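To keep things clear, I will list the structure first and then write my remarks on it.
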2 protein chains.
Amino acid sequence: MTSPEGGSGRRAQLLSIAAELFARRGFAATTVREIAESAGILSGSLYHHFESKEAMVDEVLRAYLDEQLAAFRGAVEAGGDPRSKLEGLIRASFTVLRKHRWAMAILHNETGYLAGFERFAYLEQASREFERIWVRVLREGRSRGVFRTELNPRLTHRFIRDSIASTVRWYNPRGRMSAQTIAEQYIRIFCDGVVIPGST
Amino acid sequence: MTSPEGGSGRRAQLLSIAAELFARRGFAATTVREIAESAGILSGSLYHHFESKEAMVDEVLRAYLDEQLAAFRGAVEAGGDPRSKLEGLIRASFTVLRKHRWAMAILHNETGYLAGFERFAYLEQASREFERIWVRVLREGRSRGVFRTELNPRLTHRFIRDSIASTVRWYNPRGRMSAQTIAEQYIRIFCDGVVIPGST
DNA sequence: GTCTATAGACTGATAGAC
DNA sequence: GTCTATCAGTCTATAGAC
């Protein structure tokens with residue numbers, strides 16, 4: 001406990017290196033030797049900090065899920081009309097993306113693989129809780145007559161969730177497009193669509 | 001050459017089994033022993049049909065990319081206004097999804113890993129060609145004043161591409177929602193948005 | 001906190017019998 | 001077309017020196 005993050009700086013640094021590799025190359029395809037080499041140490045030394053490779057991805061994912069859940073709840077509690085809440089949820093996703101981009105990618109890419117292990121059963125629980133939050137907002141908008149009734153709320157949620165998660169693959173924090181800029185484009189597409197109403 | 005698909009039935013069957021495993025658990029995480037076991041044979045027997053594990057995924061991906069490219073070109077050549085072309089591209093994606101769902105998932109999930117091998121350099125070429133087709137349609141719509149000018153065409157393309165690719169994770173060909181139903185929902189969200197114009 | 005050295009399991013792939 | 005048997009390499013993880 002030597003830094004505000006609640007862990008030693010070295011530990012957090014190693015986790016960040018591992019997370020990026022897991023996200024870029026896949027969890028199974030990333031070896032502990034690669035993680036160690038990226039950190040400038042040998043693989044055996046990693047086990048002074050972590051119990052196993054699984055424990056590393058576990059810690060990365062839990063930290064992300066906790067913050068994402070808090071951000072989603074905050075967005076809903078901020079209130080407003082359904083559209084404002086929906087925009088808030090999208091913005092909350094991109095706010096968390098800035099800090100947890102690798103974790104978002106890992107969750108998106110590896111759920112199918114990790115869900116097979118009992119250790120990671122909490123991933124599905126978290127996904128269901130996230131879906132509940134989004135679907136509630138989408139249903140509210142529908143019943144108030146501001147969201148299209150022909151759209152399936154669960155499909156709609158997955159649609160936007162997967163779009164955002166996939167953003168991580170090309171998003172560059174030092175690039176031309178900030179997370180906030182991307183968020184505003186996504187809100188535009190998602191809420192209002194690509195086609196200008198009445199143009200055809 | 002004993003079947004209309006251009007390969008022996010057995011070969012196609014083995015490829016289908018492998019593709020599903022690659023899509024569900026990841027290419028690196030899937031072992032040749034698992035593929036063989038799913039097919040009811042032993043791992044050594046696989047090498048009578050295929051040169052390597054890489055050759056298997058290679059064949060799966062090439063078959064998909066060829067059909068997808070033809071489908072996209074057909075959609076654009078069908079003509080019509082920009083919105084019709086855009087809808088055609090989305091429908092073409094879902095038409096191909098029915099036959100190549102596992103290949104779509106593999107391409108989406110493993111590009112980051114496979115792109116590292118020279119053997120799979122063609123994946124990036126194909127992605128660029130697909131993007132060119134979509135962006136041309138999106139730009140045309142913009143310049144004709146039917147698509148929103150504030151939207152970045154490349155971002156817009158990736159947005160819908162990744163949404164569709166992610167669909168494979170929950171799409172069930174024997175489920176309540178057909179690929180066509182999903183396509184129409186996606187067209188609605190993507191073209192017109194979730195929010196009903198003038199409702200707020 | 002890192003290194004050396006290695007155990008023990010698993011991996012993709014091969015050779016030859018049937 | 002499948003099986004048996006196995007090789008050579010790689011993987012995660014451990015034990016103990018420094």
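Only heavy atoms go into these numbers, but all of them, side chains included; no hydrogens, no water, no symmetry mates. Convention: sequence-line order gives letters A, B, ...; per-chain numbering from 1. From a predicted model like this one, the values you see are computed outputs, not experimental measurements.
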To the nearest Å, how far apart are B/Lys53 NZ and C/dC10 P?
-> 16 Å
Name every residue in residues 25-35 of chain A that has at least one heavy atom under 4.0 Å from any atom of DNA chain D, in order of residue number, or write none if there are no such residues.
-> A/Thr30, A/Thr31, A/Val32, A/Arg33
Side-chain atoms of residues 132-139 of chain A: list all donor-acceptor pairs with protein atoms under 3.5 Å, sequence neighbours left out, distances to 0.1 Å.
residue  : atom : partner  : partner atom : Å
A/Arg132 : NH1  : A/Glu129 : OE1          : 2.3

Atom pairs and distances, donor-acceptor, side-chain atoms in residues 186-198 of chain A, under 3.5 Å, two or more places apart:
residue  : atom : partner  : partner atom : Å
A/Tyr186 : OH   : A/Thr167 : OG1          : 2.9
A/Arg188 : NE   : B/Glu150 : OE2          : 2.6
A/Arg188 : NH1  : A/Asp192 : OD2          : 2.8
A/Arg188 : NH2  : B/Glu150 : OE2          : 3.0
A/Asp192 : OD1  : A/Arg83  : NH1          : 2.9
A/Asp192 : OD2  : A/Arg83  : NH2          : 3.1

B/Arg154 atom CZ, neighbour heavy-atom count above 12 within 6.0 Å = no
Using side-chain hydrogen bond (donor to acceptor under 3.5 Å, both in side chains) as the criterion, list what pairs up with B/Thr31, not counting sequence neighbours.
-> none
Residues of residues 39-47 of chain A with any non-hydrogen atom less than 4.0 angstrom from an atom of DNA chain D: list those, numerically ordered, please.
-> A/Gly44, A/Tyr47
Chain B contact limits on DNA chain D, taken 5' to 3' with a cut-off of 4.0 angstrom to heavy atoms | D/dG1 to D/dT4
If a pair satisfies salt bridge (charged side-chain N to carboxylate O under 4.0 Å, His left out) and one of its residues is in residues 176-185 of chain A, list it, with sequence neighbours excluded.
-> A/Arg91-A/Glu184
Looking at A/Tyr113, is B/Arg24 sitting on its ring face, NZ or CZ under 6.0 Å from the six-membered ring centre and within 45 degrees of the normal?
-> no
Please work out whether the ring planes of A/Phe117 and A/Phe120 are parallel, tilted or perpendicular, with thresholds of 30° and 60°.
-> perpendicular
Any side chain to side chain donor-acceptor pair (under 3.5 Å) involving residues 33-57 of chain A? Give me the pairs, sequence neighbours left out, ordered by first then second residue.
-> A/Arg25-A/Glu34
Salt bridge (charged side-chain N to carboxylate O under 4.0 Å, His left out) contacts in which one or both residues fall within residues 93-115 of chain B, not counting sequence neighbours | B/Glu67-B/Lys99
Could you tell me which residues satisfy side-chain hydrogen bond (donor to acceptor under 3.5 Å, both in side chains) with A/Gln180, sequence neighbours excluded, listed by chain and number?
-> none
Does anything in residues 109-120 of chain A reach DNA chain C, meaning a heavy atom under 4.0 Å, and if so which residues?
-> none
Does A/Glu59 have any salt bridge (charged side-chain N to carboxylate O under 4.0 Å, His left out) partners at least two apart in sequence or in another chain, and if so, which?
-> A/Arg11
is_close_aromatic(A/Phe159, B/Phe159), centroid dist under 6.0 Å = yes
